[in-house]
Amino acid sequence: QVQVVESGGGLVQAGGSLRLSCAASGLTFSSYAMGWFRQAPGKEREIVAAIRWSGGIRYLSDSVAGRFTISRDNAKNTVFLQMNSLKPEDTAVYYCAAAHTIVVLTAAREYDYWGRGTQVTVSS
């Protein structure tokens with residue numbers, strides 16, 4: 001049984017930082033591309049960042065480039081999202097997802113497994 005579990009969300013002031021973690025089990029983690037998505041109230045789910053199975057190729061959306069970093073530790077079956085210089089507009093539920101592919105994916109429909117999400121709230 002595949003499980004994807006996010007952690008690390010919380011309440012932070014604007015300009016602050018958070019580090020999200022996503023632990024995956026029940027799959028061969030190194031064979032999966034991983035992605036972080038977010039969904040704010042009343043808005044569609046959007047891609048934030050994605051990383052190839054090897055970690056060598058990464059994607060960051062324009063809205064977070066320069067502030068967020070995605071990384072992974074295949075030995076620990078974990079992917080991370082380091083979020084710096086947070087803004088109130090970053091407030092959302094953040095989801096981790098896994099896709100059985102060697103390429104980087106940015107469309108939610110292409111991912112196979114999803115976590116339940118972790119809330120990130122940035123106060124002004």
Side-chain angles (χ1 to χ4, degrees):
Q1 181 182 358
V2 176
Q3 286 190 316
V4 178
V5 180
E6 305 94 338
S7 61
L11 173 63
V12 64
Q13 289 188 333
S17 298
L18 282 175
R19 189 192 197 203
L20 303 185
S21 299
C22 169
S25 60
L27 49 73
T28 304
F29 185 73
S30 59
S31 298
Y32 281 73
M34 300 297 294
W36 284 99
F37 292 77
R38 67 185 181 187
Q39 188 166 18
K43 295 188 176 181
E44 294 187 353
R45 190 170 299 190
E46 63 173 356
I47 180 74
V48 175
I51 188 167
R52 195 182 182 204
W53 66 274
S54 64
I57 297 176
R58 310 174 193 200
Y59 167 87
L60 290 169
S61 68
D62 290 343
S63 61
V64 306
R67 300 188 296 123
F68 291 12
T69 304
I70 186 171
S71 62
R72 66 189 293 161
D73 185 340
N74 286 348
K76 296 182 178 180
N77 286 14
T78 303
V79 62
F80 305 97
L81 185 67
Q82 178 66 44
M83 306 186 295
N84 299 328
S85 302
L86 282 161
K87 304 175 181 180
E89 50 263 45
D90 294 319
T91 295
V93 177
Y94 283 71
Y95 298 90
C96 178
H100 194 195
T101 179
I102 64 171
V103 300
V104 171
L105 300 175
T106 59
R109 65 181 182 276
E110 296 178 305
Y111 281 80
D112 302 306
Y113 302 104
W114 290 83
R116 294 186 176 183
T118 185
Q119 176 70 46
V120 172
T121 303
V122 184
S123 63
S124 57

Nearest 0.5 Å, please: how far is CD in Gln39 from CD in Glu44? 8.5 Å
Measuring from Glu89:CD to Arg38:CZ, what's the distance to the nearest 0.5 Å? 8.0 Å
With a 4.5 Å cut-off on side-chain heavy-atom distances among I, L, V, M, F, W and Y, is there a chain of contacts connecting [X] to [Y]?
| X | Y | answer |
| --- | --- | --- |
| Val93 | Leu18 | no |
| Trp114 | Tyr94 | no |
| Val48 | Tyr95 | no |

Taking only residues two or more places apart in sequence or in another chain, which ones pass side-chain hydrogen bond (donor to acceptor under 3.5 Å, both in side chains) with [X]?
| X | result |
| --- | --- |
| Arg67 | Asp90 |
| Gln3 | none |
| Glu110 | none |
| Ser61 | Ser63 |

Quick test of your reading: applying disulfide (SG to SG under 2.5 Å), list the pairs with at least one residue in residues 8-112, sequence neighbours left out, ordered by first then second residue. Cys22-Cys96
Could you list who else is in Phe80's hydrophobic cluster, with ILVMFWY side chains joined at under 4.5 Å, directly or through other members? none
Who else is in the cluster with Leu11 when I, L, V, M, F, W and Y are joined by side-chain contacts under 4.5 Å? none
Do Glu6 and Leu20 make a side-chain contact, defined as non-hydrogen atoms from C-beta onward lying under 4.5 Å apart? no
Would you mind listing every side chain to side chain donor-acceptor pair (under 3.5 Å) that reaches into residues 7-21, with sequence neighbours excluded? Ser17-Asn84
Tell me if the aromatic rings of Trp36 and Phe68 count as close, with their centers under 6.0 Å from one another. no
Contacts of Ala50 meeting side chain to side chain contact (heavy atoms under 4.5 Å, CB included) (sequence neighbours excluded), chain-then-number -> Ile47, Tyr59, Val104, Tyr111
Residues forming a side chain to side chain contact (heavy atoms under 4.5 Å, CB included) with Val2, sequence neighbours excluded: Val4, Leu27, Tyr113
Tell me which donor-acceptor pairs under 3.5 Å the side chains of residues 69-78 have, and how far apart each pair is, sequence neighbours excluded?
| residue | atom | partner | partner atom | Å |
| --- | --- | --- | --- | --- |
| Arg72 | NE | Trp53 | O | 3.3 |
| Arg72 | NE | Asn74 | OD1 | 2.7 |
| Arg72 | NH1 | Tyr32 | O | 2.8 |
| Arg72 | NH1 | Arg52 | O | 3.0 |
| Arg72 | NH2 | Phe29 | O | 2.9 |
| Arg72 | NH2 | Tyr32 | O | 2.9 |
| Arg72 | NH2 | Asn74 | OD1 | 3.3 |
| Asp73 | OD1 | Ala75 | N | 3.0 |
| Asp73 | OD1 | Lys76 | N | 3.4 |
| Asn74 | ND2 | Trp53 | O | 3.1 |
| Asn77 | ND2 | Ala24 | O | 3.4 |
| Thr78 | OG1 | Lys76 | O | 2.7 |

Show me the side-chain donor-acceptor pairs of residues 117-124 shorter than 3.5 Å, one per line, residues at least two apart or across chains.
| residue | atom | partner | partner atom | Å |
| --- | --- | --- | --- | --- |
| Thr118 | OG1 | Gly9 | N | 3.2 |
| Gln119 | NE2 | Ala92 | O | 3.4 |
| Gln119 | NE2 | Thr121 | OG1 | 3.3 |

